[in-house]
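Structure first, commentary second.
Within every chain, numbering begins at 1; the chains are lettered A, B, ... in the order of the sequence lines, protein sequences first and strands thereafter.
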Amino acid sequence: MSNSSSTAGAGAPLTTPESPSGVISNFIKDIISEDLRTGKHNSIVTRFPPEPNGYLHIGHAKSICLNFGLAKEYGGRCHLRFDDTNPCKEDIEYIESIQRDVRWLGFDWQQFLYYASDYYDKLYEYAVALIKMDKAYVCELTNEQMREYRGTLTETGKESPHRNRPVVESLELFERMKNGEFEDGKLVLRAKIDMNSPNINMRDPIIYRIRHTTHHRTGDKWCIYPMYDFTHCVSDALETITHSICTLEFEDHRPLYDWFLKALQTECHPRQIEFARLNLTYTLMSKRKLLELVEKKYVNGWDDPRMPTISGLRRRGYTPEAIRNFCEIIGVAKSNSTVDFAMLEYCVREDLNKKAMRVMGVLKPLKVVITNFPDGLVEECDAQNNPEDESAGTRKVPFSKVIYIECDDFREEPPNKFFRLAPGREVRLKHAYYIKCEAVIKDENGNITELHCTYDPATKGGWSNDGRKVQGTLHWVSAAHAIPCEVRIYDQLFTKANPDDSAGGDYKQNLNPDSLSVLYPCFVEPGLKMAGLNDRFQFLRQGYFCLDNESTPEKLVFNRTVSLVDSWAKLEKKMQQPKK
RNA sequence: UGGGGAGUCGUCUAAUGGUAGGACAGCAGACUCUGGAUCUGUACGUGAGAGUUCGAUUCUUUCCUCCCCAGCCA
């Protein structure tokens with residue numbers, strides 16, 4: 001990897017950061033490296049510009065990692081700027097959540113926190129300047145008329161009758177707009193560009209509209225609000241952004257971005273670069289749809305662990321490291337793409353495997369009585385906390401006559417390759433003893449209620465000194481010491497890889513009715529009493545878990561972040577499938 | 001049917017005129033007190049055609065497919 005980057009004497013090592021192996025390049029880095037090499041810029045300034053009208057999701061994480069990551073890698077800076085120009089949809093709650101999420105992801109905007117609304121005065125002045133240059137005018141067309149005049153994709157537009165009104169008239173009208181003399185929608189300020197442009201964005205786009213709405217930051221100071229296209233480029237320029245990175249759908253807006261800045265002759269003229277937004281299988285990235293899921297209670301809030309939101313992933317147990325690594329390995333390009341959800345799961349498993357403390361928890365308990373184990377005796381078994389990390393140490397786990405094992409770990413009639421417990425079969429209890437199933441106890445309906453097993457005292461710790469081998473190792477919890485708790489198992493929120501793929505065109509038809517399963521009582525080893533909200537656990541042989549924020553000391557609630565790779569489940573599924 | 005983009009293993013993504021590589025997913029095996037992890041092996045791709053060239057994913061050209069744009073949203 002390092003041998004290919006020996007650029008033949010490119011000659012500006014000062015500004016060309018060493019790509020440490022493992023850092024993946026992309027076309028944006030190529031552009032930046034070139035800009036630095038040629039001296040176009042000495043350092044870079046990027047920005048992450050969310051609109052505070054919803055919670056951040058994993059797609060935003062890609063953008064955050066890109067923008068902040070670029071700044072970090074090239075020794076520049078990245079601004080956090082709220083693009084708050086539409087008070088009808090925005091809210092202070094979102095501003096707070098966005099800051100929390102960006103910070104949690106591990107990024108720091110330092111003192112560079114901005115709001116487009118901070119620029120309202122300047123934006124107004126720039127708009128006036130545009131009018132004075134005869135590059136903008138106040139238009140009285142109604143919404144409907146405006147649409148007619150705009151033309152279509154294949155037909156050019158018509159010029160507004162107000163297009164050539166005198167500058168002074170527009171100036172006066174615009175001031176009166178600002179002063180609140182007109183009701184919503186009555187007048188707009190438009191850029192005077194070209195109604196015949198094949199690019200619809202250039203057909204005299206609206207710059208300002210009237211909205212008698214209280215803004216979450218500026219209150220009632222303004223009743224006119226600038227539109228995105230005007231606001232964004234000006235904000236970028238004011239902040240001396242060097243590279244304005246946005247998603248593909250704004251490609252068509254770039255000529256407009258450049259038109260404004262050229263007309264206004266701003267000192268700084270950032271370069272807009274577009275990349276493909278993230279799509280993930282089995283989930284949605286549309287803010288509108290995520291909002292609908294929240295508002296119509298298909299999920300339990302923005303931080304529902306099934307949501308692809310940062311707050312949902314956090315609650316689910318994902319780590320910032322896992323998400324950052326994910327954003328790194330998926331790459332950045334310009335073609336629309338949909339990343340396999342398995343890639344995200346891979347990242348969280350990889351991270352948690354290194355960090356998570358191993359514990360034992362039984363999700364679907366089956367009672368086992370060790371018939372030859374002394375009544376009342378409690379033994380302490382030594383258990384490794386993390387085989388991947390020696391420094392994590394060991395702990396003691398109590399073992400006694402009555403324990404719980406996993407229902408799935410016993411089969412009265414074991415199928416081929418089932419290595420777990422069955423009548424007459426011997427298995428190992430992790431960290432404890434070999435046990436052998438001697439009897440299956442059932443109720444009057446034939447349901448298994450408990451197992452009677454015997455243990456071999458000579459196998460303490462889980463080893464046999466006679467070379468005898470067992471095929472399976474089970475996790476378990478001592479019944480007398482177990483803590484009952486609730487465990488929430490999550491599955492995909494949607495049943496289809498592309499949730500938008502539905503007959504009626506309604507993604508909600510693809511909602512997975514089994515996306516949440518609540519298990520109770522589950523039993524976990526006693527040490528888990530001390531679990532904290534930031535702890536991550538691997539329930540041995542099951543998956544990674546964390547405490548849910550609804551958990552209380554009286555009733556522990558765990559979320560399953562992700563299951564372990566389960567090759568038995570895979571095998572079993574395959575065996576069940578009819579041979580073709 | 002105007003304009004703007006994009007087409008590389010199943011999925012992401014490299015290679016910019018010189019061996020099509022990596023990751024995830026898949027398959028097979030080794031190892032293992034987690035059927036985890038780890039390790040090994042394996043299969044799978046340049047949208048199609050024509051041209052330039054010793055040589056094309058890369059350059060030219062024709063075609064095909066997909067995405068975005070007709071908010072007083074961003």
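Glycosidic conformation of B:G49: anti, with the torsion beyond 90° of 0.
Remark: the separation of the P atoms in B:G22 and B:C44 is 14 Å, to the nearest Å. Comparing B:U58 with B:C39, their P atoms are spaced 36 Å from each other, to the whole Å. Nucleotides B:U65 and B:U53 are separated by 29 Å at their C1' atoms, to the nearest Å. Rounded to whole Å, the C1' atom of B:A23 lies 15 Å from the corresponding atom of B:U8. On the P atoms, B:G29 is 35 Å away from B:A14, given to the nearest whole Å. Across the C1' atoms, B:G17 and B:A56 are found 7 Å apart, a figure rounded to whole Å.
Looking only at atom types and distance, the side chain of A:Asn199 has no donor-acceptor partner in the side chain of A:Ser197 under 3.5 Å away. Residues A:Arg47 and A:His232 bring a donor and an acceptor atom of their side chains to less than 3.5 Å of each other. Between the side chains of A:Thr394 and A:Asp382, no donor N or O sits under 3.5 Å from an acceptor N or O.
A:Val332 comes within 4.0 angstrom of sugar-phosphate atoms only, judged by non-hydrogen atoms across all strands, and of no base. At the heavy-atom level, A:Gln538 lies under 4.0 Å from base atoms of the strands shown. Here A:Phe275 lies out of heavy-atom contact (under 4.0 Å) with every strand. When heavy atoms are screened at a 4.0 angstrom cut-off, A:His475 is found touching no nucleic acid atom at all.
Look at A:Lys436 and A:Asp456 and you find no salt bridge, because none of the NZ, NE, NH1 or NH2 atoms lies under 4.0 Å from a carboxylate O.
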Please enumerate all protein N or O atoms sitting under 3.5 Å from an N or O of nucleotides 37-40 of chain B, with distances to 0.1 Å.
from	atom 1	to	atom 2	distance (Å)
B:A37	O2'	A:Asn353	ND2	3.2
B:A37	O2'	A:Glu388	OE1	3.3
B:A37	O2'	A:Glu388	OE2	3.0

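In secondary-structure terms, RNA chain B builds stems of at least 3 consecutive Watson-Crick or G-U pairs, each pair having both distances under 3.5 Å, at B:2-7 with B:64-69, B:10-13 with B:21-24, B:26-30 with B:38-42, B:47-51 with B:59-63.
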TODO: If a protein heavy atom is under 4.0 Å from the base, mark B; if only from the sugar-phosphate, S; if neither, -; do that for nucleotides 64-74 of chain B going 5' to 3'.
DONE: ---SBBBSBSB

